[in-house]
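A short write-up of the structure that comes next.
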Amino acid sequence: MSVAQQVFLRDAMRRLNLTRDVFSARIGVKRRALDTWLLPEGSQEFRSMPDVVGRFVTEIMDNDLLLRKYAQSTQSGPLRDRIAVDGKHQLLSVDQFSRESVEELFRIADLMQPIARRRKVSRVLEGAVLGNLFFEASTRTRVSFGAAFCRLGGSVCDTTGFTFSSMAKGESIYDTSRVMSGYVDAMVVRHPDRGSVAEFARATNIPVVNGGDGPGEHPSQALLDLYTILTEFSRLGKLLDGAHIAMVGDLKYGRTVHSLIKLLALYRGLKFTLVAPRGLEMPNDILEQVGRNGGHVIEQAGSLEEGLSGGVDVIYATRVQKERFAAEELEGYTLDFQVNKAIIDKCCGPDVVIMHPLPRDSRPGANDLSVDLNHDSRLAIFRQTDNGIPVRMAIFAVLLGVEGLVQHSLRDVTWNPPSHVGPDDSVFHGLD
Ligand code: NCD
């Protein structure tokens, strides 16, 4: 019951976009009382929330939903038409989103949580087939897109690498895309060249999702990253507007940060601190785009300690994308750039959120995000990967136009999943 109570209250604050202070004032209770309702049941201070408060919060959320529905009906049509590319239902770049449309996608992702958390099943995509075309290395993006499609009742066909595809025989992107379109109902494509997935998308009318186009973009990763930040902030009682985000590592070739910084720029008054070794700084065109959105401050720091000293809300670490440049171009990705327990304890507070798109390079000398934070609940990387499922389910549901069918399609699961899927998961990571 306590987890359900915590989840319920956090979800309410996130949906209403209210901090703990404002939320407690809105429902007419003392901030201290709210804090005790949000504690884990095991803790001494924990209190049960009175039923009448729960009913009142539900009423506020229902009213808010009605207002949003009204606001949506005054916008034009379904989400997939509003984010379409040249009239096609495809996801190629985060530039397709506004703050309203991204938050609408996240409400659909919330709907998917009972399925992603293995409490419910749905078959709304029964009969549909996904083509997962990965011409670059991938574990989580390929599998989580596949699992998301399967959890909505669809099936998946995979092809991995150039070696085992007809591209090794000289087949063009146009031919590959058109051929696949005759076989499958949607495609996720990852390819080492910037712009290549857009080329796939132009050669077909079926939904195409960009699973990473070289150093270009990785929109689904940025969406799940933003969803994670909003979820973590709601647990911590923070708002994203005005937050301080540090991005660390290879900001030049890391496509996840290219997409994420543009998506975050849809919010107001953020401070970005960018910490990159010389030669791996964020490209200027992206900085200019973020700057145009107004109200944001962007600072570049030469070292991690300098970058984190101002008190950050989120640290987003990245791997050096060695596969994208010659080794001699890399100078100075030294231990000073490593996000580890010592630097976090020295420079950050108890509610910093530490993220990474993964994989982290755990080989000696790589100086990527350290494993010594594995037992630290500030490390959100596995909550982040778990969020890949509901967000990717929402992407498919929207692109294939079935999001309105999900709620009424839910059935209970027949098997019994563990309440925590990882042995080190924090209390607040539990399934409700
Ligand atoms: C990232 C990617 O492929 O861009 N991984 C992922 O999809 N989660 C980051 C990386 O490879 O470093």
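Whatever order the structure lists them in is the order used to number ligands and atoms, beginning at 1. None of these values were measured; they are calculated from a predicted model.
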Would you kindly specify which portion of Gln221 sits under 4.0 Å from ligand 1, judged on non-hydrogen atoms: side chain, backbone, both or neither? side chain

Does ligand 1 have a heavy atom under 4.0 Å from the side chain of Thr256, from its backbone, from both, or from neither? side chain

Heavy-atom contact check, 4.0 Å cutoff: does Gln321 meet ligand 1? yes

If we only consider heavy atoms of Pro359, is any one of them less than 4.0 Å away from an atom in ligand 1? yes

Closest protein heavy atom (residue, atom, distance) for [atom]:
atom	result
atom 5 (N) of ligand 1	Leu358 O, 3.0 Å
atom 4 (O) of ligand 1	Arg255 NE, 2.7 Å
atom 11 (O) of ligand 1	Arg319 NH2, 2.9 Å

Mark up the atoms of ligand 1 that fall under 4.0 Å of a heavy atom belonging to His218, in ascending order. 2 (C), 4 (O), 6 (C), 7 (O)

Is [X] salt-bridged to [Y], going by a charged N under 4.0 Å from an acidic O?
X	Y	answer
Glu100	Arg82	no
Asp86	Lys88	no
Arg80	Glu403	no

Aromatic ring proximity His89/Phe396, centre distance under 6.0 Å: no

Establish, from distance only, whether the side-chain atoms of Arg190 and Thr141 form a donor-acceptor pair under 3.5 Å. yes

With heavy-atom distances below 4.5 Å as the criterion, would you say the side chains of Leu280 and Gln321 are in contact? no

